[in-house]
**Q** 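Before I ask anything, here is the structure I am working with.
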Amino acid sequence: MRVLITGAGGFIGAHLADLLRECGELGGRRIEALALADQTLPDTAGETAIRGDLTEPAMMAEVATFRPDVAFHLAAVPGGTSEADYALGRRVNLDASLSLFEALAASGTRPTVVYASSIAVYGTDLPELVTPTMPLRPPLTYGAHKQVCEILLADFTRRRLLDGRSVRLPGIVARTRSSAGLTSAFMSDILHALKAGEAFTCPVGPEATAWWMSARRCAENLAHAAVMDVSHADPERAWPLPVLRLSIREIIDTCSARYGESRRALVAFEPRPDVETVFGRYPRLDDASARSLGLRDDGSADELVRRALGEIS
């Protein structure tokens, strides 16, 4: 099997690449070639490094020449940056994604494409339960582009040009503390601060709820999405990853139990309505269809924290 990861130098891409190296196979098939595509990549032996801008035709040609059996499309400009720079967000998140789908379809081999979509497609003012049939109303350009790409990939699948699977990623933790452009970076920052015993000012209130997942579990879900049986699945080919719905208070409770009760006093709250409206009011999620396909969450708040901070795998 030949496997491609776009955005392989990023947070989630690096975790996925590490996982595939460890396993050496995908769905029982040996990975004979792994191609990593991104603007910057570490030097890796025995792997194909495709360095450059995915929006450039030369790089897209390299990707097409590799002819992957499975492609994980993770490359994206984050939400905050996309909102501030529409042209950049469109070029990377929309135009480059469509070009990639077309390039992979042109191979004639009908590769499997796992697309990293986002819960940003759902919108705000959500009902008490988010269901698969709920209309999508993304509040930001980033989410709108993700929704469009889901539709495009489903259409390529309908035309039997690709085997597409879009998975909607929740808040993935724990990113580095320099995660520029990510409005949701506070979800990772609070974990790092509480483990290190450092003061943290939270931009959402203690009862704010979000959908959480560790990067390791996310990588495992992406890998599983490439091989799960979707023969009788929804033709839209898009699923939310199963999540843990946790409040900031529950995260603080979990970290305090693990790292010491003194951690509670380290957190101050200065809620920002623009952040809390988008990232702090997530209700329950009906992810039964995703779970039936073998996708899964982190198990518990404690496991989430430990896995996110590299204490367990």
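From a predicted model like this one, the values you see are computed outputs, not experimental measurements.
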**Q** Does anything in residues 101-125 pair up under salt bridge (Lys or Arg N to Asp or Glu O under 4.0 Å), and if so which pairs, sequence neighbours excluded?
**A** none
**Q** Is a salt bridge present between R281 and E207, judged by a nitrogen-to-oxygen distance below 4.0 Å?
**A** no
**Q** If I take atom OH from residue Y115 and atom NE2 from residue H73, how far apart are they, to the nearest 0.5 angstrom?
**A** 6.0 Å
**Q** Test of understanding: with side chain to side chain donor-acceptor pair (under 3.5 Å), list the residues that count as partners of S292, not counting sequence neighbours.
**A** none
**Q** Without placing hydrogens or testing angles, list every side-chain donor-acceptor pair under 3.5 Å for residues 22-35, not counting sequence neighbours.
**A**
| unit_1 | atom_1 | unit_2 | atom_2 | d |
| --- | --- | --- | --- | --- |
| E22 | OE1 | R216 | NH1 | 3.3 |
| E22 | OE1 | R216 | NH2 | 3.0 |
| E22 | OE2 | R216 | NH1 | 3.3 |
| E25 | OE1 | G27 | N | 3.4 |
| E25 | OE1 | G28 | N | 2.6 |

**Q** What do the steps show when you test E150 against S117 for side chain to side chain donor-acceptor pair (under 3.5 Å), and what is the final call?
**A** CA-CA 7 Å; E150 286 185 10; S117 186; 2.6 Å; yes
**Q** Taking side chain as C-beta onward, heavy atoms only, is C202 less than 4.5 Å from F200?
**A** yes
**Q** As an exercise, state the distance from CH2 of W239 to OG of S166, rounded to the nearest 0.5 Å.
**A** 8.0 Å
**Q** Using the test ring-ring contact (aromatic ring centres under 6.0 Å, His included), find all partners of F72 that sit at least two apart in sequence or belong to another chain.
**A** none
**Q** Taking side chain to side chain donor-acceptor pair (under 3.5 Å) as the test, write out the residues that go with D297, two or more places apart.
**A** R291
**Q** Where do A103 and A64 come nearest, in terms of heavy atoms and distance?
**A** CB-CB, 4.1 Å
**Q** Does the side chain of T6 come within less than 4.5 Å of I50's, by heavy atoms?
**A** no
**Q** Report yes if the side chains of C149 and I151 come closer than 4.5 Å at any heavy-atom pair, otherwise no.
**A** no
**Q** Are V148 and L54 connected into the same hydrophobic cluster when the rule is that any two of I, L, V, M, F, W, Y join if their side-chain heavy atoms are below 4.5 Å apart?
**A** yes
**Q** Taking side chain to side chain donor-acceptor pair (under 3.5 Å) as the test, write out the residues that go with E261, two or more places apart.
**A** R264
**Q** Only one of V113, D155, L162, D163 forms a side-chain contact (heavy atoms from CB on, under 4.5 Å) with R237, so which one is it?
**A** D163
**Q** Hey, what's the ring geometry for Y86 with H145, parallel, tilted or perpendicular (30° and 60° as the breaks)?
**A** tilted
**Q** With a 4.5 Å limit on heavy-atom distance, are the side chains of I248 and F186 in contact?
**A** yes
**Q** Would you say the side chain of D38 lies within less than 4.5 Å of the side chain of R51, judging by non-hydrogen atoms?
**A** no
**Q** Answer whether the closest heavy-atom distance between the side chains of L88 and T81 falls below 4.5 Å.
**A** yes
**Q** Do W212 and Y282 touch side chain to side chain, with heavy atoms closer than 4.5 Å?
**A** no
